[in-house]
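Working notes, structure below.
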Amino acid sequence: MGLLIVIDGPAGAGKSTVARRVAQHFGLPVLDTGAIYRTLALAARERGIAWSDEPGLVALAAGLPIRFEAASETGGPRVLCDGRDVTQAIRTPEISDGSSQVSALPAVRASLLEIQRRLGRDGCVAEGRDLGTVVFPDATHKFFLTASDAVRAARRQAELEGVALADVLRDLNRRDERDRSRAAAPMARAEDAVLVDSSDLDADAVVAAIVRAVTSRLSGPGGAAGGPVDGSPKSA
């Protein structure tokens, strides 16, 4: 088993940015589990499969032609589905909502679980919502990255065009509730995960905190425990 670092947390907390930079520091690939569910939601919509059709989604997931490409000198990491670049298409508010719906279905989660574990065996930085509790419960390096609702909504709005902040906040709150209350693998902080609140920390500070915690634990006894990571407030 290679070095496995898992970062869980709600939407808009900065997981994707932080995961990419932590992975770059340690020379690891990134496993974006959310992108898997988003791609499944997009593929289902394009094939006329309802996001509530559990058997249909399971059948689609069994042959989902998804592939991740690492960042290159000319661009960031890409998500490909059947050879088509869907990196931007899976980030729309509609597909975000669809991803939350399909990920709440127990049979869908089970069908994608082994895929995620297989991808993580050789080492990676994995980001999602239930990694530390369900997908990789035995991982040594677990983090739960969060931020205030207002900060998360502002960050997500910055990624979108022409969407009102109030609408983004409403969608985030609805998704948070669905992710926390779903029967199958709800979003939760693992008991041994280090809590990182990024509300008043910029990406540099968050990455530095995680790198310190991992490096400390790798160096021997007395490394990072499951308590919160604090830092000097900086602009988000």
Next item on the list: Compare all side-chain heavy atoms of D97 with those of R178 and state whether any distance is below 4.5 angstrom.
Entry: yes
Check: Do P10 and R152 come close enough that some side-chain heavy atom pair is under 4.5 Å?
Finding: yes
Margin query: Can you see whether S198 engages R155 through a side-chain donor-acceptor pair at a distance of less than 3.5 angstrom?
Written below: yes
Notebook entry, point to check: Do T140 and R217 get their side chains close enough for a donor-acceptor pair, meaning under 3.5 Å?
Noted result: no
Notebook entry, point to check: E54 versus P106: any side-chain heavy-atom pair under 4.5 Å?
Noted result: yes
Check: Under 3.5 Å, is there a donor-acceptor pair between the side chain of T39 and the main chain of A35?
Finding: yes
Next item on the list: Examine distances only and state if a side-chain atom of K15 and a backbone atom of G9 form a donor-acceptor pair shorter than 3.5 Å.
Entry: yes
Check: Does a donor on one side chain and an acceptor on the other come within less than 3.5 Å for T33 and E127?
Finding: no
Next item on the list: Would you check if the side chain of R109 reaches a backbone N or O of S103 as a donor-acceptor pair within less than 3.5 Å?
Entry: yes
Notebook entry, point to check: Under a 4.5 Å cut-off applied to non-hydrogen side-chain atoms, are V86 and L42 in contact?
Noted result: yes
Notebook entry, point to check: So, K142 side chain and D192 main chain: donor-acceptor pair closer than 3.5 Å or not?
Noted result: no
Checklist line | S111 side chain to V108 backbone, donor-acceptor under 3.5 Å | finding: yes
Check: Is S148 reaching over with its side chain to a backbone N or O of V151, donor-acceptor style, under 3.5 angstrom?
Finding: yes
Margin query: Testing the 3.5 Å rule here: is there a donor-acceptor pair between the side chains of S96 and D171?
Written below: no
Check: Where the side chain of W51 meets the backbone of A41, is there a donor-acceptor pair that is under 3.5 Å apart?
Finding: yes
Checklist line | salt bridge (Lys or Arg N to Asp or Glu O under 4.0 Å) assessment of R38 paired with D32 | finding: CA-CA 10 Å; R38 287 171 178 269; D32 182 353; over 6 Å; no
Item checked: Note, L57 side chain near L105 side chain (heavy atom, < 4.5 Å) -> yes
Next item on the list: Taking the side chain as every heavy atom from C-beta outward, state whether R174 and S100 have any pair of such atoms under 4.5 Å apart.
Entry: no
Next item on the list: Test side chain to side chain contact (heavy atoms under 4.5 Å, CB included) on T146 and L195 and set out the steps.
Entry: CA-CA 8 Å; T146 189; L195 177 64; 4.0 Å; yes
Margin query: Is it the case that the side chain of S216 and the backbone of R212 share a donor-acceptor pair, with hydrogens and angles ignored and the cut-off at 3.5 Å?
Written below: no
Next item on the list: Please lay out, stage by stage, how V125 and F26 fare under the test side chain to side chain contact (heavy atoms under 4.5 Å, CB included).
Entry: CA-CA 9 Å; V125 176; F26 288 105; 5.6 Å; no
Notebook entry, point to check: Is it true that a side-chain atom of Q157 and a backbone atom of V163 form a donor plus acceptor pair closer than 3.5 Å?
Noted result: yes
Next item on the list: State whether the side chain of D202 and the backbone N or O of A205 hold a donor-acceptor pair below 3.5 Å, judged by distance alone.
Entry: yes
Checklist line | Crowding at CD, E114 (>12 non-hydrogen neighbours, <6.0 Å) | finding: yes
Item checked: Path from L172 to L145 over hydrophobic side-chain contacts below 4.5 Å -> no
Check: Does atom CD of Q24 have more than 12 heavy-atom neighbours, drawn from other residues, nucleotides or ligands, at distances under 6.0 Å?
Finding: no
Notebook entry, point to check: Using a distance-only test with no angle check, is there a side-chain donor-acceptor pair under 3.5 angstrom linking N173 and E177?
Noted result: no
Item checked: Test side chain to side chain contact (heavy atoms under 4.5 Å, CB included) applied to D8 and F144, F143, F136, the passing residue -> F144
Item checked: Side-chain donor-acceptor contact under 3.5 Å, T87 with R78 -> no
